[in-house]
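Below, each value reflects all heavy atoms present in this structure, side chains not excepted, and no hydrogens, waters or symmetry copies.
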Amino acid sequence: MAPARPSAWRTASGQIGRVLRIASRDWFALAGTLIYLALILVAIFADRIATHDPSEILYTGRYRIARNLPMSWDHLLGTTHGGRDIFSQLVYGSRSAVVVGLTAAFCVAAIGTLLGLLSGFFRGWVDTVVMRLADVVLGLPFLPFVIVLAALTRPGTATIVFSVAVLLWPNTARVIRSQVLTVRERAFVEAARVTGCSTWRILFVHVAPSILPLSFLYGSIAVGWAILTEASASFLGFGDPSVISWGGMLQDAYASQAMGRGAYNWFIPPGLCIVLVVLAGFFISRGYEEILFPKLRS
């Protein structure tokens, strides 16, 4: 008698539990996870953490614009050349980062996982079409594509998310496809076929839960890429001017010649935040590499 296959919910729960166990015992994965959690918490409580309205032009006691004020208790990171509080902009910039990062990561993971499942499970012409499409997308230059798309459409969060989803899904799809090619040949899949399960039920109930850690892994990497892309587009002037973002802060600092004036308190904090978020994605990928390469397990 063929061995019974656990339910999809139980399998998915087991895979998620496995991901959390790896995070708890690997310093790289733990560091990356903590950085993402800190980012999300700051974004949620930004209105309570920020000391001023990030868009408000501040004035001194003599009714002059509070330009380029140094760091103090009233302005923890000083003020910009336009008289806005830098610390408040930094805090509210985390909201833009979370929205762009999580939305783009979900789209990348969803598109890449779905196409990878279809490609690896059905093979044949489906596999050929998906993989050739992935080759074409991988040949597109990343940042120029984003800039051209933003120039032809309305610059904003939707454009950044769409660009990241369109350009990063092939990496996820290729790895998912490779895993599905091995999973589809295992005994529990054959047992499901024998018992009369439909093709789509086998694909989404029996095969899909087995590759959830890979989807989570590439989704976490996409978070950093999405935030870096948004910062790059905003710095070049193709971001949404109505949204406070770290890239917009850097663009404003560059336009005001903050580096030449030695205003390091203006451009270093957002730059460090972008670096930390991007590093978090690579920390997580380093910590979860045993999922990709099982032979590395001790």
Side-chain angles (χ1 to χ4, degrees), residues 34-103 143 146-147 150-151 154-161 223-224 226-280:
L34 290 178
I35 291 174
Y36 279 159
L37 287 177
L39 175 65
I40 293 173
L41 289 176
V42 171
I44 293 174
F45 299 104
D47 54 340
R48 299 185 180 183
I49 298 175
T51 56
H52 299 80
D53 184 339
S55 302
E56 179 185 2
I57 298 178
L58 305 175
Y59 294 87
T60 63
R62 298 179 179 179
Y63 298 100
R64 295 180 179 179
I65 296 179
R67 301 180 186 273
N68 306 317
L69 294 182
M71 294 185 292
S72 64
W73 287 111
D74 293 330
H75 306 285
L76 298 179
L77 292 177
T79 60
T80 68
H81 189 70
R84 296 176 175 87
D85 186 71
I86 298 175
F87 176 75
S88 300
Q89 289 190 338
L90 187 72
V91 171
Y92 272 87
S94 63
R95 288 188 169 179
S96 174
V98 168
V99 170
V100 172
L102 294 184
T103 306
L143 188 57
V146 177
I147 293 174
R154 182 179 179 181
T157 302
T159 302
I160 301 299
V161 171
V223 172
I227 294 174
L228 181 60
T229 302
E230 189 279 331
S232 301
S234 297
F235 179 77
L236 295 174
F238 292 96
D240 190 345
S242 64
V243 176
I244 303 296
S245 67
W246 295 333
M249 293 178 63
L250 292 176
Q251 198 275 339
D252 193 14
Y254 174 79
S256 301
Q257 300 181 348
M259 183 176 294
R261 292 185 288 101
Y264 302 107
N265 56 303
W266 189 353
F267 60 84
I268 287 183
L272 286 178
C273 289
I274 295 172
V275 170
L276 284 176
V277 173
V278 174
L279 281 178

Q: Could I get the full list of side chain to side chain contact (heavy atoms under 4.5 Å, CB included) partners for Met71, not counting sequence neighbours?
A: Leu77, Asn265
Of the non-hydrogen atoms in [X] and [Y], which two are nearest, and what is the gap between them?
X: Gly224; Y: Val278; result: O-CG2, 3.6 Å
X: Ala226; Y: Val100; result: O-CG1, 3.7 Å
X: Val277; Y: Tyr36; result: O-OH, 3.7 Å
X: Ser55; Y: Ile244; result: OG-CD1, 4.0 Å

So, taking the atom named [atom1] in [X] and the one named [atom2] in [Y], what distance separates them when rounded to the nearest 0.5 Å?
X: Leu250; Y: Ile268; atom1: CG; atom2: CD1; value: 10.5 Å
X: Ser234; Y: Asp252; atom1: OG; atom2: CG; value: 11.5 Å
X: Ile57; Y: His52; atom1: CD1; atom2: NE2; value: 13.5 Å
X: Leu236; Y: Ile147; atom1: CG; atom2: CD1; value: 5.0 Å
X: Thr60; Y: Leu69; atom1: OG1; atom2: CG; value: 7.5 Å
X: Leu41; Y: Ile49; atom1: CG; atom2: CD1; value: 8.0 Å

Using modelled atom types and a 3.5 Å cut-off, is there a donor and acceptor pairing between side-chain atoms of [X] and backbone atoms of [Y]?
X: Thr159; Y: Ala150; answer: no
X: Ser256; Y: Ala258; answer: no
X: Trp246; Y: Leu90; answer: yes
X: Ser94; Y: Val91; answer: yes

So, do [X] and [Y] sit near enough that their side-chain heavy atoms are less than 4.5 Å apart?
X: Ile86; Y: Met249; result: yes
X: Ile160; Y: Val146; result: yes
X: Ile227; Y: Leu39; result: yes
X: Trp266; Y: Thr79; result: no

Q: State which residues pass ring pair (Phe, Tyr, Trp, His ring centres under 6.0 Å) with Phe235; sequence neighbours excluded, sorted by chain then number.
A: Tyr254
**Q.** Sequence-distant partners of Phe87, ring pair (Phe, Tyr, Trp, His ring centres under 6.0 Å), two or more places apart
**A.** none
(Q) Listing request: all salt bridge (Lys or Arg N to Asp or Glu O under 4.0 Å) pairs with a residue in residues 40-50, at least two apart in sequence or in separate chains. (A) Asp47-Arg95
Q. Which residue pairs satisfy the salt bridge (Lys or Arg N to Asp or Glu O under 4.0 Å) criterion with at least one member in residues 68-90, sequence neighbours excluded?
A. none
Q. Mind checking what makes salt bridge (Lys or Arg N to Asp or Glu O under 4.0 Å) contact with Asp53, not counting sequence neighbours?
A. none
